[in-house]
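Values below: every heavy atom of this structure, side chains too, minus hydrogens, waters and symmetry copies.
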Amino acid sequence: MSIFKRLRDLTMSNVYALIEKAEDPVKLTDQYIRDMQSDLEDAEKAVAAQIALEKKFKLLYEEQEALVERRTEQAHMAAQAQNIDLARRALEEKKNAEEKRNEYKASFEQNQMLANNLRGKLDEMRKQLSDLRSKRESLVARYNAAKAQNEINKTMSGFGGSSAGSGMKRMEEKMLQMEAQAEASNELTASRGKSLDEEFAALGKDKAVEDELAALLKQYENKDNK
């Protein structure tokens with residue numbers, strides 16, 4: 001039946017293979033789920049119609065079976081009453097009922113077999129749809145994890161690039177230059193900030209050192225003369 005075409009022509013292993021290769025497996029899985037849900041609804045209607053046929057022929061078969069039994073009993077009653085014509089009519093109707101019973105029984109058994117076959121296919125479709133829905137949850141988790149990993153990799157690649165390294169080096173050089181300028185500025189400020197007294201005091205300290213050095217040298221000059 002056409003409603004089972006997807007089940008017949010496209011096995012779940014093939015579906016999973018196509019999903020794994022898809023650029024967006026989540027969207028493809030959702031599409032397969034929608035398609036299978038639609039097919040399943042059609043299949044359920046077809047199975048329901050087949051089951052209705054099965055029940056119809058079962059009822060007709062049972063009615064004729066009951067009629068055969070009733071006409072058999074009536075034929076015996078008429079024979080016991082020596083009513084030959086009534087017994088003959090009962091037997092004739094019994095014969096017709098037996099023919100119909102056998103016909104309906106064959107139809108019932110055939111439709112019962114078809115209904116059972118469709119029930120099995122319907123159960124298989126339901127299982128496949130359930131499996132695909134479960135597969136979707138796993139795919140969504142994997143897909144989102146892969147997207148997050150790609151984003152992280154792109155971000156991290158920017159940190160390790162040559163442009164970032166060059167930028168950092170320029171920043172370090174700029175900082176060193178600013179620190180050197182600040183140190184030079186401090187020295188200039190310190191020298192300009194000395195008072196006149198401080199400068200004379202410094203000059204006095206330098207003279208004391210010179211006087212001490214001259215005395216030390218003179219001491220050794222006296223020793224050499226001796």
Side-chain angles (χ1 to χ4, degrees), residues 1-22 24-141:
M1 300 179 70
S2 60
I3 59 170
F4 296 105
K5 185 176 186 301
R6 187 175 303 278
L7 179 66
R8 183 178 64 249
D9 297 341
L10 193 58
T11 64
M12 292 310 295
S13 60
N14 291 336
V15 170
Y16 292 154
L18 291 172
I19 289 173
E20 293 293 342
K21 296 177 182 178
D24 191 335
V26 176
K27 288 184 179 180
L28 183 59
T29 303
D30 288 341
Q31 184 60 51
Y32 274 119
I33 289 175
R34 288 192 292 270
D35 291 343
M36 290 189 69
Q37 181 63 46
S38 178
D39 288 347
L40 181 60
E41 291 172 359
D42 291 341
E44 288 173 343
K45 293 176 183 177
V47 172
Q50 187 59 50
I51 291 174
L53 282 175
E54 174 195 356
K55 292 182 176 180
K56 173 186 176 181
F57 284 108
K58 183 175 184 290
L59 180 61
L60 292 172
Y61 157 67
E62 290 175 346
E63 287 177 348
Q64 294 303 313
E65 178 67 19
L67 182 58
V68 168
E69 293 178 359
R70 187 163 67 252
R71 291 293 182 255
T72 299
E73 292 177 358
Q74 291 172 343
H76 282 283
M77 290 174 61
Q80 289 178 356
Q82 297 298 309
N83 191 333
I84 298 174
D85 182 61
L86 188 59
R88 181 182 293 109
R89 287 167 54 197
L91 291 175
E92 287 174 352
E93 288 196 15
K94 172 193 171 185
K95 184 175 180 299
N96 290 334
E98 285 176 338
E99 291 175 356
K100 289 182 179 180
R101 178 198 63 188
N102 294 338
E103 179 183 345
Y104 291 148
K105 182 181 180 181
S107 296
F108 162 65
E109 290 175 346
Q110 180 182 8
N111 282 280
Q112 184 182 48
M113 181 181 66
L114 289 173
N116 289 336
N117 184 38
L118 292 181
R119 285 187 186 99
K121 289 185 176 181
L122 186 60
D123 289 340
E124 186 176 351
M125 288 183 72
R126 286 170 176 160
K127 182 179 182 302
Q128 288 189 0
L129 182 56
S130 177
D131 291 344
L132 190 55
R133 282 175 172 156
S134 298
K135 179 77 171 178
R136 182 194 182 280
E137 299 305 317
S138 174
L139 280 171
V140 169

Distance-only check: which donor-acceptor pairs under 3.5 Å involve side-chain atoms of residues 79-89, not counting sequence neighbours?
{"unit_1": "Q82", "atom_1": "NE2", "unit_2": "A79", "atom_2": "O", "d": "3.3"}
{"unit_1": "N83", "atom_1": "OD1", "unit_2": "L86", "atom_2": "N", "d": "3.1"}

Query raised in the report: CG of L67 to CD of E98: how many Å apart, nearest 0.5 Å?
Result: 10.0 Å

Query raised in the report: In Å, rounded to the nearest 0.5 Å, how long is the span from OG of S134 to CG of L129?
Result: 9.5 Å

Query raised in the report: Nearest heavy-atom pair of R119 and N116: which atoms, and what distance?
Result: NH1-OD1, 2.6 Å

**Report entry** Working for side chain to side chain contact (heavy atoms under 4.5 Å, CB included), residues L122 and L40
**Finding:** CA-CA 7 Å; L122 186 60; L40 181 60; 3.4 Å; yes

Query raised in the report: Could you walk me through whether D131 and K127 pass the salt bridge (Lys or Arg N to Asp or Glu O under 4.0 Å) check?
Result: CA-CA 6 Å; D131 291 344; K127 182 179 182 302; 3.0 Å; yes

Query raised in the report: Of the options Q74, E73, R71, R70, which is the one that meets K94 in a side chain to side chain contact (heavy atoms under 4.5 Å, CB included)?
Result: R71

Name each donor-acceptor pair under 3.5 Å that joins a side chain in residues 104-113 to protein atoms two or more places apart or in another chain, with its distance.
{"unit_1": "S107", "atom_1": "OG", "unit_2": "E103", "atom_2": "O", "d": "3.3"}
{"unit_1": "N111", "atom_1": "OD1", "unit_2": "Q50", "atom_2": "NE2", "d": "2.8"}
{"unit_1": "N111", "atom_1": "ND2", "unit_2": "S107", "atom_2": "O", "d": "2.7"}

Query raised in the report: Would you say the side chains of N96 and E92 form a donor-acceptor pair under 3.5 Å?
Result: no

Report summary line: Here the gap from Q64 atom CD to K100 atom NZ, rounded to the nearest 0.5 Å, amounts to 5.5 Å

Query raised in the report: Using 4.0 Å as the upper bound for N to carboxylate O, is an ion pair formed by R133 and E137?
Result: no

Query raised in the report: Under a 4.0 Å N-O cut-off, is there an ion pair linking E41 with K45?
Result: no

Requested in this report: Report the distance from atom CD of E124 to atom CG of L118, rounding to the nearest 0.5 Å.
Outcome: 12.0 Å

Report task. Identify whether the distance between the nearest side-chain nitrogen and carboxylate oxygen of R34 and D30 falls below 4.0 Å. Result -> no

Report task. Say whether, by atom type as modelled, one donor and one acceptor occur between the side chain of S130 and the main chain of R126 under 3.5 angstrom. Result -> no

Query raised in the report: If you measure from CD on E44 to CE on M125, what distance do you get to the nearest 0.5 Å?
Result: 8.5 Å

